[in-house]
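As the structure is a prediction and not an experimental result, all values here were calculated from the model. FYI, side chains are in, hydrogens and waters are out, and symmetry mates aren't considered; it's all heavy atoms of this structure.
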Amino acid sequence: MLIDGHGDIGRVGNRNRNQTGKVAHVKEAEFAVSLADAGLQWCAAEGADGTLPVAAAWLATSCRREDGRRDETVRRDDPRLIEKANDGWFRLVADYGFLGDDREFLLGVNHADDDAVSILRWARVRLLGEWDIMGAGAATGVLGSAAGFPEFAMLSLDGNVILRGTTWQESIGSLVVPDPHRVKIIRDYVARRSANPRTPAAERAEGEAWLRTHLPE
């Protein structure tokens, strides 16, 4: 029995939630297909309390050597551009113990439509036996704009290492920033975003949780 139309409102709300869930599943399925080309397996969407916001991980390119930053770059005119860039990426992965159990890590993905404001979330992915991050991966649109034009943010499962891929004017490559909770530019950014009422509520909560659980020591 419907009373004062509240039943209809409830049904509309349920339909909206169901529709949102369906859209999310479709988006995740699209990511899974794209990432397979890069040699990455989609495992799950991640949103655990205390994880560094994706937008803050993108700031790694603004960090300094004094922050612990280390780069691996290849000039764009190198005939083995993609091969060497992949080698550099994996060298950082190996040297910093980036992969977790089952070769898993977090990858920042944009859940928004192409013409919408970015909705950045972490996804847990697994590195497969055969992979190509800088070539086929960058060409997917998830890890870059085209083969040889990488642009991505990754994070170790424990949150202790940011791994960024980027395209410079004359080179491409990867860089790491360990212990982001100790890096002032990252902490200041998260603090500003978390205090700004215009920041989406989910991002504010995520940032506040990260600041609270990752003290600079």
| said: Arg70 vs Asp95, test: side-chain contact (heavy atoms from CB on, under 4.5 Å). Steps then yes/no. | reply: CA-CA 11 Å; Arg70 174 180 155 192; Asp95 289 352; 2.9 Å; yes

| When you look at Ile133 and Leu40, which way does the side-chain contact (heavy atoms from CB on, under 4.5 Å) test go after all the steps? | CA-CA 9 Å; Ile133 301 297; Leu40 298 176; 4.2 Å; yes

| message | Suppose we screen for ring-ring contact (aromatic ring centres under 6.0 Å, His included). Which residues come up paired with Trp131, at least two apart in sequence or across chains? | response | Trp89, Phe90

| message | Run the salt bridge (charged side-chain N to carboxylate O under 4.0 Å, His left out) test against Arg121 and tell me which residues pass, sequence neighbours left out. | response | none

| Strictly by modelled atom types, are Ser156 and Asp158 linked by a side-chain donor-acceptor pair under 3.5 Å? | yes

| message | Run the side chain to side chain contact (heavy atoms under 4.5 Å, CB included) test against Thr199 and tell me which residues pass, sequence neighbours left out. | response | Arg193, Asn196, Glu203, Arg204

| said: Tell me every residue that passes salt bridge (charged side-chain N to carboxylate O under 4.0 Å, His left out) with Asp77, counting only those two or more places apart in sequence or in another chain. | reply: Arg75

| Ile82 and Gly148: which non-hydrogen atoms are nearest, and at how many Å? | CD1-N, 4.1 Å

| query | Under the side chain to side chain contact (heavy atoms under 4.5 Å, CB included) test, which residues partner Ala57, sequence neighbours left out? | reply | Leu52, Trp122, Ala153, Ile162

| salt bridge (charged side-chain N to carboxylate O under 4.0 Å, His left out): pairs with one or both residues in residues 127-154, sequence neighbours excluded | Glu151-Arg164

| query | Under the ring-ring contact (aromatic ring centres under 6.0 Å, His included) test, which residues partner Tyr96, sequence neighbours left out? | reply | none

| side chain to side chain contact (heavy atoms under 4.5 Å, CB included) against Glu104, all qualifying residues, sequence neighbours excluded | Cys43, Asp102, Arg124, Arg126, Leu157

| request: Flag the pair Phe152 / Met134 as yes when at least one side-chain heavy-atom distance between them is below 4.5 Å, and no otherwise. | output: yes

| task | First locate atom CG of Leu175, then atom CG of Leu92, and finally report the distance between them rounded to the nearest 0.5 Å. | result | 8.0 Å

| note | Heavy-atom nearest pair, Arg69 first then Cys63, reads NH1-O, 3.0 Å

| remark: When rounded to the nearest 0.5 Å, the distance separating CZ of Arg64 from CD1 of Ile185 is 8.0 Å

| salt bridge (charged side-chain N to carboxylate O under 4.0 Å, His left out) pairs, two or more places apart, involving residues 135-145 | none

| remark: Residues at least two apart in sequence or cross-chain that pass salt bridge (charged side-chain N to carboxylate O under 4.0 Å, His left out) with Asp78, listed by chain then number, are Lys84

| What pairs of residues pass the side chain to side chain donor-acceptor pair (under 3.5 Å) test when at least one of them lies in residues 172-185, not counting sequence neighbours? | Arg182-Glu217, Lys184-Asp188

| note | The complete set of ring-ring contact (aromatic ring centres under 6.0 Å, His included) pairs with one or both residues in residues 184-210, sequence neighbours excluded, reads Trp210-His214

| note | Smallest heavy-atom separation, Arg76 atom then Thr167 atom, equals NH1-CG2, 4.0 Å

| query | How long is the span from the CD atom in Glu72 to the CG atom in Leu163, to the nearest 0.5 Å? | reply | 10.5 Å

| said: Give me the atom names and distance for the closest heavy-atom approach of Thr213 to Gly50. | reply: OG1-CA, 3.6 Å

| remark: Between Leu143 and Gly137, the two heavy atoms sitting closest are CB-O, 3.4 Å

| query | Hey, what's the ring geometry for Phe98 with Phe105, parallel, tilted or perpendicular (30° and 60° as the breaks)? | reply | tilted

| task | Look up atom CG in Leu35 and atom CG in Leu107, then write down how far apart they are to the nearest 0.5 Å. | result | 6.0 Å

| Does the pair Thr73 and Ile172 meet the rule for a side-chain contact (heavy atoms from CB on, under 4.5 Å), with working shown? | CA-CA 6 Å; Thr73 60; Ile172 69 171; over 6 Å; no

| Closest approach of Ala85 and Val74, non-hydrogen atoms and distance? | N-CG2, 3.7 Å

